[in-house]
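For reference, the structure is listed below as structure tokens.
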Amino acid sequence: MTVTLTDVSTGVGAPADVAGVGPALRRRRPPRPGVVVAGAYLAALAVAAVAPRLLAPGDPLAADPRVVLTPPGAAHWFGTDHLGRDVWTRVVHGAAHSLTIGIAATAVAVTAGVLLGLLAGLAHRFADEALSRSFDALSAFPMLLLALLFITVAGPGTISLIVAIGVATLPHYARVVRGQTLLVRRSGYVEQAITFGSSRPRLVVRHILPNVVGPVPVLAVIGLGEAILAAAGLSFLGMGPQPPSPEWGAMLSEGRNYLQVAWWISVLPGLAVTLTVAALTVLGRHWQARFDGRWS
Amino acid sequence: MAGSPLRPVLRRVGSGLVVLWAAATAAYLALLAAPGDTVDAIVGEGADTPQIRADIVAEWGLDRPAVVQYLDYLGRLVTGDLGRSYLLQRPVAEVIGEQLAPTLALALAAAGLGVLLAVTVAIGTAGDRRPWLRRASSGAELLLVSTPSFLIGIVLLSVLSFRFGLFPVAGAHGFGSLVLPAVTLALPIAGLLAQVLRDGLDRALDEPFVLTARARGVRERVVLLRHALRHASLPAVTLAGWLFGILLGGAVIVEQVFGRPGLGQVTLAAVTAKDMPVVLAVVTLSAAVYVAVNTAADLTYLLVDPRLRRS
């Protein structure tokens with residue numbers, strides 16, 4: 001899912017071009033309640049990922065045959081699964097898995113995307129054309145199928161998921177950065193730096209790079225949600241972390257066999273994915289709206 | 001040639017072909033990068049003697065230089081020959097052909113339903129007429145777009161099939177078995193399309209031509225349907241390629257959830273068995289259709305919007 005609403009409004013331009021009032025001078029409205037809720041959820045999620053024992057002191061792998069398939073209740077908030085493992089504990093401990101894969105995949109995509117986009121924007125016409133067409137070729141593959149192709153070659157597992165999703169989503173960042181670079185390299189301050197004899201590496205690192213990455217962090221927040229969604233889908237298909245690892249997609253896939261008697265095993269981890277992705281999207285759009293004036 | 005009306009058309013078709021070639025090459029590189037010997041993959045679990053291995057090398061032409069094999073691969077691709085499955089020992093085109101129908105039915109039903117839902121919701125909630133309805137529907141859209149399709153499928157299954165027994169639990173026999181998979185695949189699509197369409201409608205409603213229409217006393221429904229929707233659907237056409245990717249990728253997951261035969265199941269089986277020719281064919285084909293859909297959308301733009309013909 002590389003196309004979102006954000007594609008439509010991704011502005012290009014350099015901070016130097018901004019005319020009129022900067023964002024600091026604009027009257028700042030208090031954030032909407034949805035944004036606050038999303039932020040609070042993500043903060044709780046961060047706690048779950050870093051220190052899961054604060055929220056769920058138990059062992060996510062501990063099976064207890066006496067409480068198999070217990071519905072959600074006071075003793076087990078999210079119920080228990082077919083082995084008597086506590087679903088709440090597993091969902092909390094699963095946050096680290098899902099977030100790690102999502103963040104690592106986004107980091108791969110952003111790093112590679114920024115470098116390749118910068119390269120394309122700075123390169124001569126022919127090299128730029130070649131790079132841009134290869135971004136097009138990469139995005140011609142549906143993301144899930146590209147990831148499956150990669151997994152056929154590299155085998156299933158966490159690392160495969162990270163690289164596959166990273167590669168599949170990098171054209172998005174590369175295109176934005178390329179567009180920014182084309183604008184910035186013609187700007188007055190770059191010309192001035194050249195006039196004053198700035199070396200080429202220094203020119204790129206000091207003057208161009210800082211001014212082209214502006215829109216990237218906001219895109220990355222929304223992209224993180226998409227990466228987590230994709231990772232959950234691939235894990236569901238059995239291509240990610242293998243059981244008994246408490247990864248959300250994998251948990252859902254395991255619980256599927258007990259759907260008729262115990263919906264909570266599969267539905268609750270799935271809801272964790274939904275809420276995470278929705279919260280990231282809300283936050284990303286909020287920042288996008290706030291910074292819109294700076295990069296358009 | 002500069003002034004020829006064909007020039008932008010040729011440019012788009014040309015760049016579509018270049019992208020297609022690059023995609024096929026990337027897929028071929030993946031084949032080369034696959035660890036292990038191709039002969040091992042073809043032998044699989046079967047009988048394994050030096051004689052059989054030599055036969056395989058000769059039959060598949062594995063002793064030729066890599067460049068020759070690559071050119072041969074491209075040549076066969078152009079003529080529609082997708083190679084042979086390691087696992088099934090049958091032409092890939094045949095395997096895919098057999099499984100195309102159920103997936104196509106699923107994708108078309110989902111696309112139709114998704115677009116219909118999106119248009120209805122977007123028209124019902126565009127503008128400032130009913131702010132509460134608008135807020136509720138944006139919330140629902142956000143949740144739909146954020147929900148993994150397998151979760152939607154599982155919830156539908158557990159409520160409608162297991163609890164109430166309204167639809168079959170698995171398989172692809174008749175219309176009843178198509179309903180839940182199609183709805184599952186359609187909902188996330190509807191969520192995103194509705195957002196894009198409503199954005200477009202809102203922008204169109206601010207245009208002077210809408211003011212003119214309203215001033216002439218045109219009814220609000222007609223303003224929306226005849227005047228604004230046309231403008232709003234243009235940016236949505238850009239999403240055609242994306243829509244196709246979601247349909248295919250989503251079909252893999254939905255077929256798995258509902259135990260439906262189809263291209264997705266073939267692909268998953270091939271991924272698990274490391275049956276590269278089948279995976280490559282599915283991936284390359286999907287890229288080809290994506291490029292075709294996108295090029296067609298671009299050309300439609302040229303046809304509809306004369307401003308684009310100049311650049």
Side-chain angles (χ1 to χ4, degrees), chain A residues 1-5 7-9 34 129-130 133-134 136-156 225 229-230 232-234 236-239 248-249 252-253 255-256 259-261 263 266-267 269-271 273-282 285, chain B residues 15 18-23 25-27 30-31 33-35 139 142-143 145-151 154-155 157-159 162 188 192 195-196 199 235 238-239 241-242 244-250 252-253 256-257 267-268 270-272 274-276 279-280 282-283 286-288 290-291 294:
Chain A
M1 217 200 255
T2 39
V3 181
T4 58
L5 279 183
D7 292 55
V8 183
S9 54
E129 188 72 15
R133 285 295 89 76
S134 48
D136 289 350
L138 209 50
S139 45
F141 299 109
M143 173 149 103
L144 195 106
L145 289 182
L146 186 63
L148 283 179
L149 173 66
F150 187 85
I151 287 164
T152 318
V153 173
L229 201 57
L234 287 163
F236 173 77
L237 295 174
M239 306 298 168
W248 292 338
L252 210 144
S253 173
R256 204 157 59 95
L259 197 54
Q260 219 164 344
V261 285
W263 54 268
S266 35
V267 172
L271 279 181
V273 177
T274 304
L275 290 180
T276 306
V277 178
L280 285 168
T281 311
V282 166
R285 282 191 197 157
Chain B
S15 90
V18 170
V19 168
L20 205 54
W21 164 76
T25 305
L31 180 64
L142 174 67
L143 284 183
V145 171
S146 310
T147 303
S149 52
F150 47 87
L151 178 62
I154 275 175
V155 169
L157 256 184
S158 80
V159 175
F162 289 134
L192 195 112
Q195 290 177 338
V196 175
D199 262 26
T238 326
L239 292 176
W242 161 85
F244 167 77
I246 289 291
L247 282 173
L248 245 171
V252 177
I253 289 178
Q256 175 78 357
V257 171
T267 311
L268 275 186
V271 170
T272 316
K274 296 200 177 298
D275 192 354
M276 273 311 260
V279 181
L280 275 187
V282 171
V283 170
S286 62
Y290 175 93
V291 169
N294 258 6

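In what follows, every chain begins at residue 1, and chains take the letters A, B, ... in the order their sequences are listed. Computed from a prediction, not measured in an experiment: that's the story for all the values here. These values consider heavy atoms only, across backbone and side chains, with no hydrogens, waters or symmetry-generated copies.
With a 4.5 angstrom heavy-atom cutoff, B/Thr147 touches chain A via backbone and side-chain atoms both. Contacts between A/Ser266 and chain B at a heavy-atom distance below 4.5 Å involve backbone atoms as well as side-chain atoms. In this structure, chain A has no heavy atom under 4.5 Å from any part of B/Val159. Of the two parts of B/Val283, the backbone and the side chain both hold a non-hydrogen atom closer than 4.5 Å to a non-hydrogen atom of chain A.
Scanning both residues, B/Lys274 and A/Val153, for their nearest heavy atoms gives NZ-O, 4.3 Å. For B/Pro148 against A/Gly270, the heavy-atom pair with the smallest separation is CD-O, 4.3 Å. The two atoms that bring A/Leu145 and B/Ser286 nearest to each other are CD1-OG, 3.5 Å, heavy atoms only. Of all heavy-atom pairs spanning A/Gly233 and B/Ile253, the tightest one is CA-CD1, 3.9 Å. In terms of heavy-atom proximity, A/Leu271 sits nearest to B/Leu151 at N-CD2, 3.7 Å. Closest approach of B/Val145 to A/Leu229, counting heavy atoms only: O-CD2, 3.6 Å.
Comparing B/Val155, B/Asn294, B/Val291, B/Leu268 by heavy-atom pairs within less than 4.5 Å of chain A, the highest count is held by B/Leu268. Ranking A/Thr276, A/Val282, A/Leu252, A/Leu275 against chain B, the residue ahead of the rest is A/Leu252, based on heavy-atom pairs under 4.5 Å. Most heavy-atom pairs under 4.5 Å with chain A: of the set B/Ile154, B/Leu280, B/Leu248, B/Leu142, this distinction falls to B/Ile154. Comparing A/Leu259, A/Asp136, A/Leu138 by how many heavy-atom pairs each has under 4.5 Å with chain B, the most go to A/Leu259.
Using a 4.5 Å heavy-atom threshold, the side chains of B/Val279 and A/Leu148 count as separate. Residues A/Leu149 and B/Met276 meet the side-chain proximity criterion, which asks for heavy atoms closer than 4.5 Å. Inter-residue side-chain proximity for A/Phe236 and B/Gln256 is flagged as met; some heavy-atom pair is nearer than 4.5 Å. In this structure, the side chains of A/Leu144 and B/Val252 come closer than 4.5 Å at one or more pairs of heavy atoms. Under the 4.5 Å side-chain criterion, counting only non-hydrogen atoms from C-beta, B/Ile246 is not in contact with A/Pro142.
Within the model, atoms CZ of A/Arg133 and CG of B/Leu20 stand 13.0 Å from one another, a figure rounded to the nearest 0.5 Å. Note: B/Leu143 CG to A/Thr274 OG1 = 7.5 Å, rounded to the nearest 0.5 Å.
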